[in-house]
Amino acid sequence: MFYPIITKIRDTWFSAKDCPIKEIISYMQKKNALRDAQIEAIKTYLYLKIECQNKPLWQLFYERKISTLEIEGLQDKVSHALFEHLSQNKAALNFYGIALALGKKPLLNFINKNFKSLDYESIFKRFFYNVSYTDYLFSLPMGAGKTYLMAAFMYLDLYFALNEPDNKVFAHNFLILAPSGLKSSIIPSLRNIKDFDVSWILPEPSASKLKKLIKFEILNQSKTNKKSNKIQNPNVAKVASHQPYETMFGVILLTNAEKVILEKLDDKEVLHKDLSKEQKQEWSSANELRDTITKIPHLGIFIDEVHHAANEEIKLRRVVSEWNDKGSVNMVAGFSGTPYLKSTEKISISEEVKIEHKEISNIVYYYPLIKGIGNFLKTPVLKTAYTSNRLEIVEQALREFLTDSKTYENALNSKIAIYCGSIENLEEQIYPKVCEILAESKLDSTHILKFHKGNKSYPEPKNALAEFENLDSPLSKIKVILLVQIGKEGWDCKSLSGVVLSQEGDCPKNMVLQTACRCLRQVQKHKDEKALIYLNEFNVKKLEEQLKQEQKMSLEEFQKGEKEKLIEVQRFDRTKRLHLSPIDFYQLKLVFENFITKSANPVKSLKSIKPTKDSFIIKEQDLENQVLNTEVKKRQIKEEVHFKLWLYAIIKESFHTLTMHDLTPFEKPLKKLFDTITLKENDKLYFNLDFDRKALESSIRKAFCDKRKFHIQKELIPQSASLLIASNLKSPIFVEDSKSFIPQQNIVQQIIDEDSGKIGTTLSEEDKANLIKILGEAGAQKAINEKEITILKSQGFDKDKTYHYLPYQTDSAYEREVFDEILKLQKFKELDLELYYNGDNALSEFKIESSYKNTNLGNYTPDFLILQRKQEQIHRILIVETKGQTFAENFKPKKAFMDEFIKLNNKEFGYKKFSFLYLQDADDKGNVLDKGNKLIGKINEALSFFETKE
């Protein structure tokens, strides 16, 4: 209901020249690691964070930060009194815009009569479930990468929070809630957040810096220990190990929703219910964890598969509201596969007037399933079995799958999942039949995985869980997976390319769509992969119903995706025509070597550790920095402590070099050290402020570490890199908008025509006008008559001096400006230079592994290369880098490295082969730098490099 409005205004904001996230988004698009669905979601997230200041949706609409209607044009359509009211009341104008969009006459009539008395604030709060905190919901289909999107959101928050630590818009710590029923499948996938590559969204060194800041805690202990007290509650202890809370930063907690929702009872019910000791203990534990979470500052909450929490929705909102009232909830972001409700919601405006809708109102971004099919999802091939015999359906499906099954490029076997309904069906009917069919293809039972939880007759198959979790490994021999009540959702198996639902009840009736789509995840990016979905008539009918209800699409659209609605872009490799050989250069690499000089001896080292005194020095100075007074003070932060919690803190700061298993054998000497630095007051332990606790903890960690000597060696490695990885240039591709491609498709086709000998392509009126400007009327007419002019010469440059592939793609307006200006320069033409775009990370092989002060900064892919030839061979190269103000600071280390890279290569080649040009459109205050005449002047100056003598 509201997300189309948000998306439209977001796009307007993003299209502005001074939009603060242009460079970040352009960087992500160049890296080409995220999907379009993820990047568009990030645009919305940053719009709501930066432009909308992270405010709740009801407030954004009430204050008309997000507008639904403009006042212009309404004067002749509404009464004078209503027009005056709408002109002066932002909330009223927005509400009237919603009423117009809904087209409900009773609602419009009601507003016309009661506009002065309406409580607009209350109405907008009711639209968004009366929550006081910021609550945004992102709807993306399975396979879109919701887990990585969560990670991107978190790292972006931390990136901005580091730059503006006092800005409450950005979260500092995060809590991820998985739905209760999916803990066995969701939480393992959420752990993939650890594997997220931050350089996909932010450049080095920021990416590595943020990665080092992150600390993960998985709160997966279902029960507290017997005789539980606060410190023996393992989940609470994990959170508390990051104290002091005030300075917590970069902590990510992962848990199930059930651990923070009031399980079944509230405080009053506990007093009146006859609970067992264990029940009371579990209730107390949940309470304790919730109370601890309120202490975490600037907390961002992420709820995965939010539609699962529908039955506990009120409880969850209640808990989050309590956290928001008591603590510091920054925002809540939910993730779901559909924006549509299963039943109609009603919002009361008055006793007589109600607004009915079937969309979740706090959806801020929606990427439909239809757009993912054929994009980042496999294209489904749906087959209907017109028989009621289960085994016949299984046989038909399996034979068809085996005929077309494949092995993916990374040695993964494609697999088919057969849902069996019951363990008896699986063991007694389907498994024997599958064995029989596989035997015909000379495949034995080792290619079958039976996975169920077991019953009295049939125990859970041995090692089934381990095999199930490793299906995407090239080592897995499995081709057929037989399942009972497992793998309906939350199952991420990319090599699954077939699903069979042969009977009603093979999966829950309301989950046919989710189950059937398990096989749609794509293995290889940009590949046209197919997936076989074999259903009986009942399940086909359910699939059709659920597609219509949850995705607003038909079976036909489900099988085609949205390619027909997208723009087709043809791409071409021109490297052979341009005789563009690989570029030779020398790569400077850092090789890190370390040697153990002394093995760890914890027994001896712990005995030698002595706690040291702790103090800090305060110096008083005058304006000329003369010391007037020096005072030694003790630290005054009194902190309650417990032995186990102290050990957790030591482990936490060990960068994964220590575990509790390592410390347990040494508890006796560690307890002795602990007793030395603690004091007891009123039956509670506190750290003794006389001792330097941090220094002691560091010494303890050192006691378990081998002493090492590090040696950094610089190596020069000859490299040869192509400017185009031809295998990655897919054609055609289908896009929503072709504006980011240069040149446009009509020019592309004319260039290709001319390459193939079709000279004298018909010029448009605009081309003729450009030609007249360059050659004059007589010269232009002569060229046209003689058919000797090419399309790009008519625009002022030669098509064979650029475009080693067609078309280039960049969303950076500044890159486009630089590209156009270079090609127009007279000096560029006189020197017979060539210009090639190199900024597409997925297409170019010319990447430089950069380092700075003995720190690896990762691969650097320059934006442009200007080449000069000598006897048809590449002789000199000017590397051009463009940067917007957002990333200028981040690029400083790489810029310093490039100076070293240029000197090193020129020395090795024996002449000035390389030079480097850095262009920046504005500084951090928005002051214009290399634009207009300044830009032209700087490029012309840099081109003098090609005039220098050897």
Side-chain angles (χ1 to χ4, degrees), residues 27 30-33 195-212 580-597 655-656 706 708-728 836-867 873-883 887 889-918 945:
Y27 173 84
K30 278 186 188 178
K31 290 295 284 187
N32 199 34
D195 300 326
F196 182 77
D197 187 342
V198 191
S199 70
W200 293 345
I201 59 170
L202 293 166
E204 296 292 358
S206 293
S208 295
K209 183 179 178 182
L210 286 171
K211 192 77 172 179
K212 290 175 184 176
L580 192 58
S581 59
I583 292 177
D584 296 325
F585 64 101
Y586 287 90
Q587 174 69 63
L588 178 64
K589 284 197 173 184
L590 298 181
V591 180
F592 296 88
E593 297 177 334
N594 67 84
F595 310 92
I596 296 175
T597 58
F655 295 99
H656 304 288
D706 298 327
R708 297 174 180 271
K709 183 178 180 182
F710 288 90
H711 177 67
I712 300 172
Q713 183 178 341
K714 293 184 178 181
E715 287 188 5
L716 268 182
I717 301 173
Q719 301 273 295
S720 184
S722 171
L723 293 189
L724 176 65
I725 305 172
S727 61
N728 288 355
Y836 300 109
Y837 180 63
N838 189 68
D840 194 323
N841 187 63
L843 293 179
S844 176
E845 214 173 48
F846 185 66
K847 301 178 178 74
I848 302 168
E849 189 176 324
S850 56
S851 58
Y852 182 66
K853 292 184 178 179
N854 293 334
T855 301
N856 196 316
L857 301 177
N859 282 338
Y860 159 52
T861 309
D863 290 331
F864 297 100
L865 299 177
I866 301 178
L867 309 183
Q873 298 300 312
I874 296 172
H875 180 57
R876 280 186 167 143
I877 303 166
L878 174 62
I879 299 171
V880 182
E881 179 63 32
T882 63
K883 275 286 172 282
F887 289 141
E889 193 66 28
N890 287 310
F891 192 73
K892 279 185 178 179
K894 287 186 179 175
K895 189 178 175 186
F897 169 80
M898 285 305 296
D899 292 337
E900 185 178 355
F901 173 86
I902 298 297
K903 289 177 185 176
L904 182 147
N905 272 275
N906 289 346
K907 181 181 177 182
E908 292 299 317
F909 282 102
Y911 70 98
K912 291 183 178 179
K913 177 171 181 172
F914 288 93
S915 186
F916 183 66
L917 171 60
Y918 177 75
F945 160 69

Between [X] (side chain) and [Y] (backbone), is there a donor-acceptor pair under 3.5 Å?
| X | Y | value |
| --- | --- | --- |
| Ser844 | Leu724 | no |
| Tyr836 | Leu867 | no |
| Gln587 | Glu849 | yes |
| Asn838 | Phe846 | yes |

- Partner of Tyr860 by side chain to side chain contact (heavy atoms under 4.5 Å, CB included), out of Phe891, Phe897, Phe901: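 Going through Phe891, Phe897, Phe901 one by one, the side chain to side chain contact (heavy atoms under 4.5 Å, CB included) with Tyr860 is satisfied by Phe891 alone.
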- Task: Evaluate the criterion side-chain contact (heavy atoms from CB on, under 4.5 Å) for residue pair Leu917 and Ile866; output intermediate values, then yes/no.
- Result: CA-CA 10 Å; Leu917 171 60; Ile866 301 178; 5.9 Å; no
- Item | Summary of side-chain hydrogen bond (donor to acceptor under 3.5 Å, both in side chains) pairs that have at least one residue in residues 716-726, sequence neighbours excluded |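 Residue pairs with at least one partner in residues 716-726: Asp584-Ser720.
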[atom2] on [Y] to [atom1] on [X], rounded to 0.5 Å:
| X | Y | atom1 | atom2 | result |
| --- | --- | --- | --- | --- |
| Ile877 | Phe585 | CD1 | CZ | 9.5 Å |
| Leu588 | Glu715 | CG | CD | 9.5 Å |
| Phe914 | Leu878 | CZ | CG | 11.0 Å |
| Ile201 | Leu210 | CD1 | CG | 8.0 Å |
| Ser850 | Lys895 | OG | NZ | 15.0 Å |
| Leu202 | Ser208 | CG | OG | 11.0 Å |

- Query: Can we say Lys894 and Glu204 salt-bridge, meaning some charged N sits less than 4.0 Å from an Asp/Glu carboxylate O?
  - Reply: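 No, Lys894 and Glu204 are not salt-bridged.
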How far apart are the closest heavy atoms of [X] and [Y], and which atoms are they?
| X | Y | answer |
| --- | --- | --- |
| Thr861 | Glu881 | O-OE1, 4.2 Å |
| Lys31 | Ser199 | CE-O, 3.2 Å |
| Asp195 | Lys211 | C-NZ, 4.1 Å |
| Ile874 | Ser581 | CD1-O, 3.6 Å |
| Pro862 | Ile879 | CB-CG2, 3.4 Å |

Sequence neighbours left out, what passes ring-ring contact (aromatic ring centres under 6.0 Å, His included) with [X]? Give chain and number order.
| X | answer |
| --- | --- |
| Phe916 | none |
| Tyr586 | Phe909 |
| Phe945 | none |
| Tyr837 | Tyr808, Phe864 |

- Query: So does Lys847 have more than 12 non-hydrogen atoms from other groups sitting under 6.0 Å from NZ?
  - Reply: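 Yes, NZ of Lys847 has more than 12 neighbouring heavy atoms, counting only those of other groups under 6.0 Å.
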- Task: Go through Tyr911 and His875 one step at a time and tell me if the side-chain contact (heavy atoms from CB on, under 4.5 Å) criterion holds.
- Result: CA-CA 10 Å; Tyr911 70 98; His875 180 57; 3.4 Å; yes
- Query: Do the side chains of Ile583 and Leu865 get nearer than 4.5 Å, heavy atoms only?
  - Reply: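 Yes, their side chains come closer than 4.5 Å.
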- Among all residues two or more places apart in sequence or in another chain, which pass the salt bridge (Lys or Arg N to Asp or Glu O under 4.0 Å) test with Lys907?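 Result, salt bridge (Lys or Arg N to Asp or Glu O under 4.0 Å) vs Lys907: none returned.
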- Dump the intermediate steps for side-chain contact (heavy atoms from CB on, under 4.5 Å) on Asp863 and Val880, then the final yes or no. CA-CA 6 Å; Asp863 290 331; Val880 182; 5.9 Å; no
- Item | Stepwise side-chain contact (heavy atoms from CB on, under 4.5 Å) test for Lys883 and Asn890 | CA-CA 10 Å; Lys883 275 286 172 282; Asn890 287 310; over 6 Å; no
